[in-house]
Protein chains: 2
Amino acid sequence: MEAMTTSAVHTPRGPVTRKDVARYAGVSTAVVSYVVNGGPKKVAPATEAKVQDAIRILGYRPNAAARALKLGSSETIGLIIPDNTNPFFSLLAHAVEDAAAELGYALLLTNSDGNLTKERRNIRNLASRQVDGVVLASVLFEPDLAALESAEIPAVLLNHGGKSPGFNSVGVDLAAGARMAVDHLIGHGHTNIALAMGTNTGHDYDLREEGWLQALAAAGLPEGPIVRGPFSREGGYAVGRRLLASADRPTAVFASSDMQAIGILRAIHEAGLNVPGDIALTSFDGAAEAEYSWPALTTVEQPVRVMAEAAVGALLGARRGEPAAHRTFPTELRVRQSCGCPAQASSATP
Amino acid sequence: MEAMTTSAVHTPRGPVTRKDVARYAGVSTAVVSYVVNGGPKKVAPATEAKVQDAIRILGYRPNAAARALKLGSSETIGLIIPDNTNPFFSLLAHAVEDAAAELGYALLLTNSDGNLTKERRNIRNLASRQVDGVVLASVLFEPDLAALESAEIPAVLLNHGGKSPGFNSVGVDLAAGARMAVDHLIGHGHTNIALAMGTNTGHDYDLREEGWLQALAAAGLPEGPIVRGPFSREGGYAVGRRLLASADRPTAVFASSDMQAIGILRAIHEAGLNVPGDIALTSFDGAAEAEYSWPALTTVEQPVRVMAEAAVGALLGARRGEPAAHRTFPTELRVRQSCGCPAQASSATP
DNA sequence: GTGAAAGCGCTAACAC
DNA sequence: GTGTTAGCGCTTTCAC
């Protein structure tokens, strides 16, 4: 007698597949697909209910690998950044994750550690994983996207000048942002304004440097000293010490990233000097950390969330055949105290 | 005549598959597999060379989805954390990514934003994506792992007391770490030591609180004030202000995370008070940011990289049938200046 | 040492 | 509205 086989149906061995659901609900596997995906065919309400019950009771979850194989899409996007430990990139990663999740995509995170070999390996790895797109903050100005191209995987470059036609990119106007920060310092009456510039592996001329130059020139001010070092707290610290030791110590400095500014701040404190009294400081990025340094940093904020949404949008747009484009977003000056502006009266009451 | 069909072979339409490689190399698809995977069968050196050439020339990259479907493993692990923007978690994410990449696994990053609904959704999502394991820093003390269990996906809980037998977990001895931090403050002569405790969604009694209590009791000191707030800079700031406004203002405070300490530091600075002169401070986690605050934070450092490696190891071990276990790692006190210790002479010379 | 072929779970023609 | 079925690209058993 077959009467007891229902118990076997209740507990299929191993993971539950669409076949188990179909059997349990007494329908074909196609119908299960239609229900799960809401199409492409319509299903009678009664049937749908039976299937939904079966899914719930059996605890069925579609196998994403099978789906990816069939569809040629993993519903996943890849992110390649130098270091997700850097506040700017961690914010970006979070924003990209949110934007992707919103559309049902998951995020594969990879760090290149500013290392070209790793970046290449990550690109290849993501390509073989059938990601539907890659957001890349490259070490290089012209990254090697061959692996992605041959797999027809769209990519979007981050904070890239957009000089490579044919590639999607999103970024901010670095020069304009830098000008804002330097102009603000000029507005405070400074005439000897240094630049602490971050150094990248292969990038060419950074437009923040140009912005600094432009602002100085426009105000008829002489070029201040330039110090260069890594985009990191440590890099900023080293650069800050050099600046302090120089003969014509500047009265203000524009740092190309918040992390560098944080390091510079430490160097200044250690020297027993005061910010902004002895040296004023502005920087770039708008990291959360910049709001809690002492004094709080006046910084040029990048609209990271908007940029992340645009990046994910561009990726998915590219899949639908939209042409590559460069999208530039405006930055905003977050005025705090490191520049010399007075502290706002705190609205919080203890 | 078929002579010219080679040109068609050279440029297979669409993505290159293992079949194209086989045809080009004049072998069967099985042999291509053997070569790509280094087994399970041996291949003659000459044949192998032909296949490797074909792979290179055609630019073949294995399809991970097909492989995942066949093998039942995506060679991917999932990470669920409250917020990858928090330095502790961003460091963890980086370390997990490294440990996973080392073994050929990729990392699917998800943020729960401290939100139970999102955490659940992320768990289910990762389960359906056939991840080979999940590292979970849960909002709850007893997360709902049903989706993972039914899919037979191992999980490892992070910084979980290890009270749930049957679950893998990795963490540090929170009480011992807290004791270290508080003992150090006691060593500086403080007798009124407050606790700034972070609040989690569903976690029960946090052992850092117990450690603080134990240290005080062991020294015969009275219980200091406790203030509670979110594990964030903002939370710390609010809590700091409350502490400063209280009648018997403490002369020292132990904060349960670096982020809170950063916020407290701001509150103290704004009040025109001095750290460590007026109020000494120690905290917990060992974030990079703690080294660059002013003054630099004395903090209990968690060995994040080691923990990440252990977590990934446990996941893969579980796949091989190893029993679940709780691994506890030692913390270390990074002595800097917020506690009252003198600054080390800096070894760097500008 | 090499090849043929079954089948992983799913989608979407196409037939009814 | 529902069912049948052909593959997506890969791994691996089994035959040779």
Side-chain angles (χ1 to χ4, degrees), chain A residues 12-52 54-55 58-75 104 127-130 132 150-152, chain B residues 12-52 54-55 58-75 104 127-130 132 150-152:
Chain A
R13 46 189 83 267
V16 182
T17 75
R18 164 228 54 179
K19 205 169 180 173
D20 299 314
V21 175
R23 202 191 337 262
Y24 188 93
V27 299
S28 77
T29 60
V31 171
V32 179
S33 257
Y34 301 151
V35 170
V36 170
N37 302 328
K41 292 293 179 69
K42 281 207 154 328
V43 173
T47 318
E48 159 138 24
K50 272 194 301 185
V51 173
Q52 293 288 17
I55 289 176
L58 263 25
Y60 169 72
R61 261 183 318 278
N63 180 320
R67 196 179 145 84
L69 175 57
K70 181 68 186 173
L71 263 18
S73 151
S74 56
E75 275 154 351
S128 75
R129 284 173 186 272
Q130 264 62 55
D132 295 301
S150 71
E152 291 174 2
Chain B
R13 47 189 81 266
V16 181
T17 75
R18 164 229 54 177
K19 204 167 179 176
D20 300 314
V21 175
R23 201 191 337 259
Y24 188 93
V27 299
S28 77
T29 62
V31 172
V32 179
S33 259
Y34 302 151
V35 170
V36 170
N37 302 328
K41 293 293 181 67
K42 281 206 152 335
V43 173
T47 318
E48 159 138 22
K50 272 193 302 183
V51 173
Q52 293 288 18
I55 289 176
L58 264 25
Y60 169 72
R61 261 182 320 276
N63 180 320
R67 194 179 147 87
L69 175 58
K70 183 69 187 172
L71 262 18
S73 150
S74 56
E75 275 154 351
S128 75
R129 284 174 185 272
Q130 264 61 56
D132 295 301
S150 70
E152 291 174 1

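Each chain gets a letter, A, B and so on, in the order its sequence line appears, and its residues count up from 1. In what follows, every heavy atom counts, from backbone to side chain, and hydrogens, waters and symmetry copies are set aside.
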Check your understanding: Closest nucleotide of DNA chain C for B/V43 versus for A/P62: which of these residues is on the 5' side?
Key -> B/V43
Study note, to complete from the structure: Assign each of A/A65 and B/T47 the nucleotide of DNA chain C bearing its closest heavy atom; nearer the 5' end lies the nucleotide of B/T47
Check your understanding: Is there a donor in the side chain of A/R61 and an acceptor in the side chain of B/S150, or the other way round, less than 3.5 Å apart?
Key -> yes
**Study point:** Shortest side-chain distance from B/L71, nucleotide among D/dC10, D/dT12, C/dC10
**Key:** D/dT12
Practice item. Output the distance between atom CD (A/E75) and atom CG (A/D132), rounded to the nearest 0.5 Å. Key: 7.0 Å
**Study point:** Distance below 4.0 Å between B/S33 side-chain N/O and D/dT11 OP1 or OP2
**Key:** yes
Revision key, fill the gap. Contacts of A/T29 and A/L69 projected onto DNA chain D by closest heavy atom; the upstream (5') one is A/T29
Exercise for review: Looking only at side-chain atoms of B/S28, point me to the closest of C/dG3, C/dC10, D/dT2.
Suggested key: C/dG3
**Study point:** Side-chain donor/acceptor of B/K70 to base of C/dG7, under 3.5 Å
**Key:** yes
Practice item. Ignoring hydrogens and angles, state whether a donor on the side chain of B/R129 or A/S74 is under 3.5 Å from an acceptor on the partner side chain. Key: no
Point to revise | Test applied, side chain to side chain contact (heavy atoms under 4.5 Å, CB included); reference residue, A/V35; option that passes from A/V27, A/V43, A/V21, A/T47 | key: A/V43
Practice item. Side-chain contact test, heavy atoms from C-beta onward, threshold under 4.5 Å: evaluate it for B/T29 versus B/T17 and give yes or no. Key: no
**Study point:** Distance below 4.0 Å between B/T17 side-chain N/O and D/dC8 OP1 or OP2
**Key:** no
Exercise for review: Report yes if at least one side-chain N or O of A/N63 is closer than 4.0 Å to OP1 or OP2 of C/dC8; otherwise report no.
Suggested key: no
Check your understanding: Could one point to a donor on the side chain of A/Y34 or the base of D/dG3 with an acceptor on the other under 3.5 Å away?
Key -> yes
Practice item. Remember a base hit wins even if backbone is also touched, and classify B/V36 as base, sugar-phosphate or nothing at under 4.0 Å, heavy atoms. Key: nothing
Practice item. Tell me what B/A44 touches on the nucleic acid: a base, only sugar-phosphate, or nothing, going by heavy atoms under 4.0 Å. Key: sugar-phosphate
Check your understanding: Does A/R67 make a side-chain N or O approach to OP1 or OP2 of C/dT11 shorter than 4.0 Å?
Key -> yes
Point to revise | Rounded interatomic separation in angstrom, taking CZ from A/R61 and P from C/dC8 | key: 19 Å
